[in-house]
2 protein chains.
Amino acid sequence: MSQTQLDAVKLDGAGPVYDQIRRAIRDLVLGGTWPPGTSVPPEHALMEQLGASRMTVHRALVQLAREGLITRRRRSGTVVATPPASHAMLDILSIPEEVAQLGQLYAHEVLSRRDGRPSAELALRFGLKRGEKVVHLVTLHRGDDTPHVLEERVIHLATVPAAADGDFSETPAGDWLLKNSLWSQAEHAISAVSAEPEDAALLGIGSGDPCLLIERRTWNQGAPVTAVRLLYPGTRHRFVGRFGPYGPI
Amino acid sequence: MSQTQLDAVKLDGAGPVYDQIRRAIRDLVLGGTWPPGTSVPPEHALMEQLGASRMTVHRALVQLAREGLITRRRRSGTVVATPPASHAMLDILSIPEEVAQLGQLYAHEVLSRRDGRPSAELALRFGLKRGEKVVHLVTLHRGDDTPHVLEERVIHLATVPAAADGDFSETPAGDWLLKNSLWSQAEHAISAVSAEPEDAALLGIGSGDPCLLIERRTWNQGAPVTAVRLLYPGTRHRFVGRFGPYGPI
DNA sequence: ACTTGCCAATTGCATATGCAATTAGATAGC
DNA sequence: GCTATCTAATTGCATATGCAATTGGCAAGT
């Protein structure tokens, strides 16, 4: 725990002290100032730095640990957690992982790539502004050689400039982004559509067959990172979640 | 807070005291012993009853409040919360509410009802045993007179005997169950299917058009309560969720 | 080198205490 | 009856204190 890290924790004076501490650290984590693996200063150090009692600091840290942002171990200390790869219902699943969990052999193929300003039609489909430079990718993912999902994605170059030089034939764009960018917010939408003829051909299904369409947009601190449309053959996929009356279990 | 309620709280001696208290109360809530609206004994009472300090009791209650099981107000005390009507992504939404949120006028119609042992085909579709007595309902829900969703449901009479006398023409079965039964666990699956001709006709869409199929099964303490298949016209519906890297936000 | 044992750092837990904030219900005053 | 006020119950928060449990890393011994 360097001095830098200690100094980074700043209270804003709004609300209970333990919650100020909690939010301050949360923001450092979500904002990327403290990336996964960073050591969080020990309770004693925060206590002196912030002028709060150890129990108050403790309360903030315990809560953050329960929220999954940090992990704590006696003697070893507290470190920023690595975000879990998947969440209950639908998530920033890595598609290679998704396929591997089905016990299938993964492969993917970049069908097209175009960098630059989007066409009118593309801008409409992804809600882009005409001027924004993006990478536009179409990728087919396969499991055991049968088509698994058809992915169409845009990556915002303003937010992720490194994507211009990314090679997505080795690592699919989704996984590449997980390693090379940060995100703080995502939105999913799920709906059912009929397969267009050309999509159906790629997926090896009949034209007009039902598909699950998952659209996901991702931001970092308000700046758009990427948007993706995942088209799953409806008959071959389902998404499952478990709940209790008060929330996911 | 009656004596009954105080006596109901029993610790099991496993793990930290605050967690024993938390689990004891959680179980009373989830098990239905303390239904929504029940007063939870004040901290002082629990403290004496359990021989723990107030801060320890406090910690358990604060955590339960954060989990949404109870609500607390100064001076008024602590009461068991009413489960939220909807959760992030997909949930035990009341369909009338769902329609009302779209600003539409709700109506529904029970298309068929049969009580008794399931046919072979029905048992297969819902994973029932042939011997189990169930109520089998098909209901069409409308918003502003256009079909909203087609519901097919079975209710397990062994778990919810009162359903035999339920009248589902006034209150749809889903809402009736929310009031007249308990559930502790649910499982959702979401997939895309083509509309069968008869379903398409009822929903006013083309035969073979894509639909979102949501299948939900609900249990209480391991005993099956109900299972439902909700068929939404795919073009008219989408389900949206928001997430951060560490979970729903 | 390798093992063993010990020390100290760090978190986990519980208690006791005191005060602040909120507000239901009682009481007093009109 | 109605309103203003007071009182006390209840939760919210912070502190100080002490001990328990875990374990990284060092030191001593072989």
Starting from [atom2] on [N], measure out to [atom1] on [X] and report it in whole angstrom.
X     : N      : atom1 : atom2 : value
B:E43 : C:dA14 : CD    : P     : 15 Å
B:I70 : D:dT10 : CD1   : P     : 15 Å
B:M47 : D:dA9  : CE    : C1'   : 14 Å
B:E48 : D:dA9  : CD    : P     : 13 Å
B:L61 : D:dC13 : CG    : C1'   : 15 Å
B:R73 : C:dA20 : CZ    : C1'   : 18 Å

Exercise for the section: Measure from the side-chain heavy atoms of A:R75 and tell me the nearest of C:dT11, D:dT11, C:dA9. Expected result: C:dA9

Donor-acceptor pairs under 3.5 angstrom involving side-chain atoms of residues 63-70 of chain B: please list them, not counting sequence neighbours.
| residue | atom | partner | partner atom | Å |
| --- | --- | --- | --- | --- |
| B:Q63 | OE1 | A:R66 | NH1 | 2.8 |
| B:R66 | NH1 | A:Q63 | OE1 | 2.7 |
| B:E67 | OE2 | B:R22 | NE | 3.3 |

Fill in the blank from the handout: Residues in residues 51-60 of chain B with a heavy atom under 4.0 Å of DNA chain C, by number, are B:G51, B:A52, B:S53, B:R54, B:M55, B:T56, B:R59

Practice task
Using heavy atoms and a sub-4.0 Å distance, could you list which residues of residues 14-23 of chain A are near DNA chain C? By number, please.
Solution key: none

Handout entry: Within-4.5 Å side-chain heavy-atom neighbours: B:Y18 and B:V62
Key = no

For the pair [X] and [Y], find out whether any cationic side-chain nitrogen is under 4.0 Å from an anionic carboxylate oxygen.
X      : Y      : result
A:D175 : A:K179 : no
B:E151 : B:R229 : no
A:D19  : A:R23  : yes

Practice task
May I ask you to evaluate whether B:R72 reaches the phosphate of D:dG12, defined as a side-chain N or O under 4.0 Å from OP1 or OP2?
Solution key: yes

Problem - Phosphate OP1/OP2 of C:dT11: any A:T78 side-chain N/O under 4.0 Å - result: yes

Handout entry: Check: A:Q104/A:H148 side-chain N/O donor and acceptor closer than 3.5 Å
Key = no

Handout entry: A:T226-A:R153 side chain donor-acceptor pair, cut-off 3.5 Å
Key = yes

Practice task
Mind checking the OG1-CZ spacing from B:T139 to B:F168? Nearest 0.5 Å is all I need.
Solution key: 9.0 Å

Handout entry: Distance in Å, A:L11 CG paired with A:Q49 CD, rounded so as to fall on 0.5 Å steps
Key = 8.5 Å

Handout entry: Residues forming a side chain to side chain donor-acceptor pair (under 3.5 Å) with A:Y106, sequence neighbours excluded
Key = A:H141

Fill in the blank from the handout: Dot-bracket assigned to DNA chain D with the 3.5 Å Watson-Crick/G-U criterion, [ ] for crossing and | for other-strand pairs, is ||||||||||||||||||||||||||||||

Exercise for the section: Would you kindly check whether a donor in the side chain of A:R74 faces an acceptor in the base of D:dT22, or vice versa, at under 3.5 angstrom? Expected result: no

Completion exercise
Residues at least two apart in sequence or cross-chain that pass salt bridge (Lys or Arg N to Asp or Glu O under 4.0 Å) with A:E43, listed by chain then number, are A:R54, A:R72

